[in-house]
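Note: hydrogens, waters and symmetry copies are ignored here, and every other heavy atom, side chains too, is used. Model, not experiment: these values are computed from the prediction.
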Amino acid sequence: MTHQTGSVLETVKQWFHELWEEADTAAINALSNSGTTMQGAISELAAPQNYGEVVTALNDLLKNIHFEYAYPVEQGEWVAVKLIVQAQSAATGDDVRFTGQIIARVKEAIVTELIATIDYMKMLIVSRELV
């Protein structure tokens with residue numbers, strides 16, 4: 001894994017790519033730290049120390065995960081962006097598409113705060129896990 005510096009959006013893209021698209025849970029430690037805070041629908045599970053378990057569980061449901069980033073707005077250390085997630089259901093092989101928004105704070109190429117509103121219910125329904 002390469003640890004690069006760049007824009008706030010580029011750091012977030014790198015983190016999502018390595019963590020979700022490549023399923024490399026080492027990205028958690030490389031691009032965040034013990035002080036990183038996470039908020040969202042799975043915030044009880046999403047502390048950095050156990051975020052790898054969340055990544056592994058969701059990667060068991062979805063294959064070939066790919067993110068598109070729409071309408072990014074950067075302001076200093078912060079970025080807000082709409083995520084468009086495309087993948088395939090591990091259960092059926094069907095295409096899966098759902099969206100979400102994130103707000104992230106990046107300091108010195110480390111994600112220090114992440115606020116995510118991902119449509120997990122739609123993800124589970126279209127991946128055929130709740131039908």
Heavy-atom distance under 4.5 Å between the side chains of [X] and [Y], does that happen here?
X: Q88; Y: D95; answer: yes
X: T36; Y: L114; answer: no
X: V73; Y: Y71; answer: no
X: T56; Y: T25; answer: yes
X: L62; Y: F98; answer: yes

Compare every heavy atom of V96 with every heavy atom of S89, then report the nearest pair and how far apart it is.
-> N-CG2, 3.6 Å

Closest heavy-atom pair, A70 versus V81, reported as atoms and distance to 0.1 Å, is O-CG2, 3.3 Å

Enter the distance from [X]:[atom1] to [Y]:[atom2] here, rounded to the nearest 0.5 Å.
X: T112; Y: W78; atom1: OG1; atom2: CH2; answer: 6.5 Å
X: Q86; Y: T99; atom1: CD; atom2: OG1; answer: 11.5 Å
X: H66; Y: E21; atom1: NE2; atom2: CD; answer: 6.0 Å
X: Q14; Y: L19; atom1: CD; atom2: CG; answer: 11.0 Å
X: W20; Y: L58; atom1: CH2; atom2: CG; answer: 4.5 Å

Only one of K13, Q75, E74 forms a side-chain contact (heavy atoms from CB on, under 4.5 Å) with V8, so which one is it?
->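 Result: among K13, Q75, E74, E74 is the only option passing the side-chain contact (heavy atoms from CB on, under 4.5 Å) with V8.
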
Of the options I115, L83, T117, which is the one that meets I102 in a side-chain contact (heavy atoms from CB on, under 4.5 Å)?
->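 In the set I115, L83, T117, the residue that makes a side-chain contact (heavy atoms from CB on, under 4.5 Å) with I102 is L83.
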
Donor-acceptor pair, T11 side chain versus A109 backbone, under 3.5 Å?
-> no

Answer yes if I103 and V111 sit in the same cluster of Ile, Leu, Val, Met, Phe, Trp and Tyr residues linked by side chain heavy atoms under 4.5 Å apart, and no otherwise.
->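 Result: no, two separate clusters.
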
